[in-house]
Number of protein chains: 2
Amino acid sequence: MEPENDEKFVTALRRIALMGGLHDYVALSSRELGDMLDMSQQSASKRILELLDGKLIERDLGARRQRIRITSKGADMLRKEYIEYQKIFEMKDELVIKGTIVEGMGEGQYYVTQPGYMEQFVEKLGFKPYEGTLNVKLLSTEHHKLDTLRNGRTIDIKGFERNGRTFGDVHCIPASIQNVECAVVLPRRSHYEDVLEVVCKFHLRRTLGLEDGDQIEVRIRLNF
Amino acid sequence: MEPENDEKFVTALRRIALMGGLHDYVALSSRELGDMLDMSQQSASKRILELLDGKLIERDLGARRQRIRITSKGADMLRKEYIEYQKIFEMKDELVIKGTIVEGMGEGQYYVTQPGYMEQFVEKLGFKPYEGTLNVKLLSTEHHKLDTLRNGRTIDIKGFERNGRTFGDVHCIPASIQNVECAVVLPRRSHYEDVLEVVCKFHLRRTLGLEDGDQIEVRIRLNF
DNA sequence: ATTACTATATACCGAGTAA
DNA sequence: TTTACTCGGTATATAGTAA
């Protein structure tokens, strides 16, 4: 039983993040880090080497001062803890995400109407979706909330193959827009998407009178 | 230079908090805690003793299963980290608290007009307060935000004595209500108060046309 | 001033075990 | 079953120091 001691890494990462290391390289000597963490320069230097080894930070070792930034792997580690704290202190069961309506390119309709998905939507979401999706582009300030969603419970729609084409797994969460029940489809993590696709029993654009560019709030139910 | 290793304590506290230990005693054996923290039963037992020693948890050592809850000191430790994560991920510099206008009992006026306070208000807040306060009773869902405020920066007004009566320290934070600049006075922690007193250059009730029972939003500036 | 190696001191963990 | 002691092995920290 090895203790897998993430904690000492996260502590250092948090310090670096508070200096802005999530967004850009920050100049940070081992002595400064040591002071912040209440440890010696030597230990801080070692900690930095460990973080580098674990690909949690990247370093630009200049002649005088090294500059450090947090990798996406390191950011994930921090976010995971943040989400735990949110659970502890917020105990919220809904998350509101703001975004604007954008034009769909028809793929929504193409995917939703695939029988392989449609059957599962009906069974797992409890309604037969309208044959098309509403696309909501998230405001940039809301983007990080996708990670919160991905770390919570989701309704998982299994992928399938059809005519030699692969349709991947889809992860949904129940939601509502202006009190109309619906479900959001989480975008793939890898593509760094910022558009939520919303499936609904009704034609949301018509029902709610929405047009491209309108700003809306999607209320997502976390503990369904 | 002793490393003052809070981190291992916070990690255990977080685990306990996720089980509900902030709100009530939770049954938690040293083996279970050990499993959750990836450590042995022996080490978890030791960790529990350390947490007890540091008054971070309280324990009800029953015959079969011990029950543990987090003390207010332990909760503070967790909240402090939570606030760091909020800083990292939210980068917010204001906090909006909702509440309703309630009747003041005249104590606001009594206190504000004490010269010992008034002089400091003028000096440290930058305005001469109207001789009375607006009392805002927080919605119960907003109560926890007081702790966030208490952990951030405050403008501290020193207490004093006068005619044998003791006037305590007062902690203020700059804020605004409907774009009118003001400052909130944090209620004493010990009394578990849920009423914010708002001091302002103007008579807020008259200026904003507020009446008892009206719901308002107080925008509090965190990084003044 | 840096970073980071080596050697030594300290802290920590867990196996064995008692109550 | 519990909790928690002692003890020995190991991991971690720092002082001294090189580059």
Side-chain angles (χ1 to χ4, degrees), chain A residues 1-16 19-21 24-71 74 77 81, chain B residues 1-17 19-21 24-71 74 77:
Chain A
M1 193 187 293
E2 58 197 66
E4 189 189 316
N5 198 354
D6 283 356
E7 216 46 47
K8 60 181 189 180
F9 297 134
V10 182
T11 309
L13 283 175
R14 202 165 52 234
R15 249 44 255 182
I16 299 167
M19 298 190 66
D24 200 357
Y25 280 102
V26 288
L28 179 61
S29 73
S30 54
R31 175 159 302 284
E32 286 171 314
L33 182 63
D35 288 346
M36 290 192 293
L37 296 175
D38 269 314
M39 51 165 55
S40 66
Q41 173 272 321
Q42 292 86 337
S43 295
S45 172
K46 194 148 168 278
R47 184 60 35 89
I48 288 168
L49 293 176
E50 290 165 345
L51 290 171
L52 281 167
D53 192 50
K55 309 253 189 257
L56 298 169
I57 60 171
E58 287 172 347
R59 179 166 67 162
D60 166 19
L61 218 178
R64 294 217 158 271
R65 306 197 79 198
Q66 65 187 348
R67 299 188 316 138
I68 290 170
R69 80 170 165 199
I70 296 171
T71 63
M77 201 175 214
E81 287 220 342
Chain B
M1 190 186 294
E2 58 197 66
E4 189 188 316
N5 196 354
D6 283 356
E7 215 47 45
K8 61 180 188 179
F9 297 134
V10 182
T11 309
L13 283 175
R14 202 165 55 234
R15 248 45 254 182
I16 299 168
M19 297 190 65
D24 200 357
Y25 280 103
V26 288
L28 181 62
S29 72
S30 54
R31 176 158 302 284
E32 285 171 316
L33 182 63
D35 288 346
M36 290 192 293
L37 296 174
D38 270 312
M39 51 167 53
S40 67
Q41 173 272 321
Q42 290 89 335
S43 295
S45 172
K46 193 148 169 277
R47 185 60 35 89
I48 288 168
L49 294 175
E50 290 165 344
L51 290 172
L52 282 168
D53 193 50
K55 308 253 189 258
L56 298 169
I57 60 171
E58 287 171 347
R59 179 165 67 160
D60 165 21
L61 217 177
R64 294 217 158 271
R65 308 197 77 198
Q66 65 188 349
R67 299 190 315 139
I68 290 171
R69 79 170 164 198
I70 296 171
T71 64
M77 198 174 220

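Just so we're on the same page: letters track the sequence lines, and every chain starts at 1.
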### Message
Looking at Ser43(B), I'd like to know whether one of its side-chain N or O atoms comes within less than 4.0 Å of OP1 or OP2 on dG14(C).
### Response
yes
### Distance, rounded to the nearest Å, where Glu32(A) contributes CD and dA1(C) contributes C1'
12 Å
### Query
Quick one: bend of the helix from dT2(C)-dA19(D) to dA19(C)-dT2(D) from 5 pairs per end, to 10°?
40°
### Query
Given atom CE of Met39(B) and atom C1' of dT12(D), what is their separation to the nearest angstrom?
15 Å
#### Entry: Atom-pair distance (CD on Glu7(A); C1' on dA11(C)), nearest Å
18 Å
### Message
So, taking the atom named CD in Glu50(B) and the one named CD1 in Ile57(B), what distance separates them when rounded to the nearest 0.5 Å?
### Response
10.5 Å
### Query
Between dC5(C) atom C1' and Glu50(A) atom CD, what is the distance in whole Å?
14 Å
### Query
How many angstroms lie between CG in Asp6(A) and CG in Leu13(A), if you round to the nearest 0.5 Å?
9.5 Å
### Message
In whole Å, I'd like the distance from the CG atom of Asp60(A) to the P atom of dT2(C).
### Response
16 Å
### Message
Could you report the tightest heavy-atom contact between Leu37(A) and Ala12(A), atom names first, then the distance?
### Response
CD1-CB, 3.9 Å
#### Entry: Candidates Arg65(A), Arg67(A), Gln66(A) - the one meeting side-chain hydrogen bond (donor to acceptor under 3.5 Å, both in side chains) with Asp60(A)
Arg67(A)
### Query
Which heavy atom in Ala27(B) sits nearest to a heavy atom in Met19(B), and how many Å separate them?
O-CE, 4.1 Å
### Query
Atom OG1 of Thr11(B) and atom CE of Met36(B): how far apart are they, to the nearest 0.5 Å?
12.0 Å
### Task
Mark up nucleotides 1-11 of chain D, 5' to 3', with B wherever a protein heavy atom is under 4.0 angstrom from a base atom, S wherever such an atom reaches only the sugar-phosphate, and - elsewhere.
-SBBB------
### Message
Between Arg59(B) and Tyr25(B), is there a side-chain heavy-atom distance shorter than 4.5 Å?
### Response
no
### Spacing between Asp35(B) atom CG and dG14(C) atom P, to the nearest angstrom
11 Å
#### Entry: Whether Ser45(B) side chain and Ser30(B) backbone form a donor-acceptor pair below 3.5 Å
no
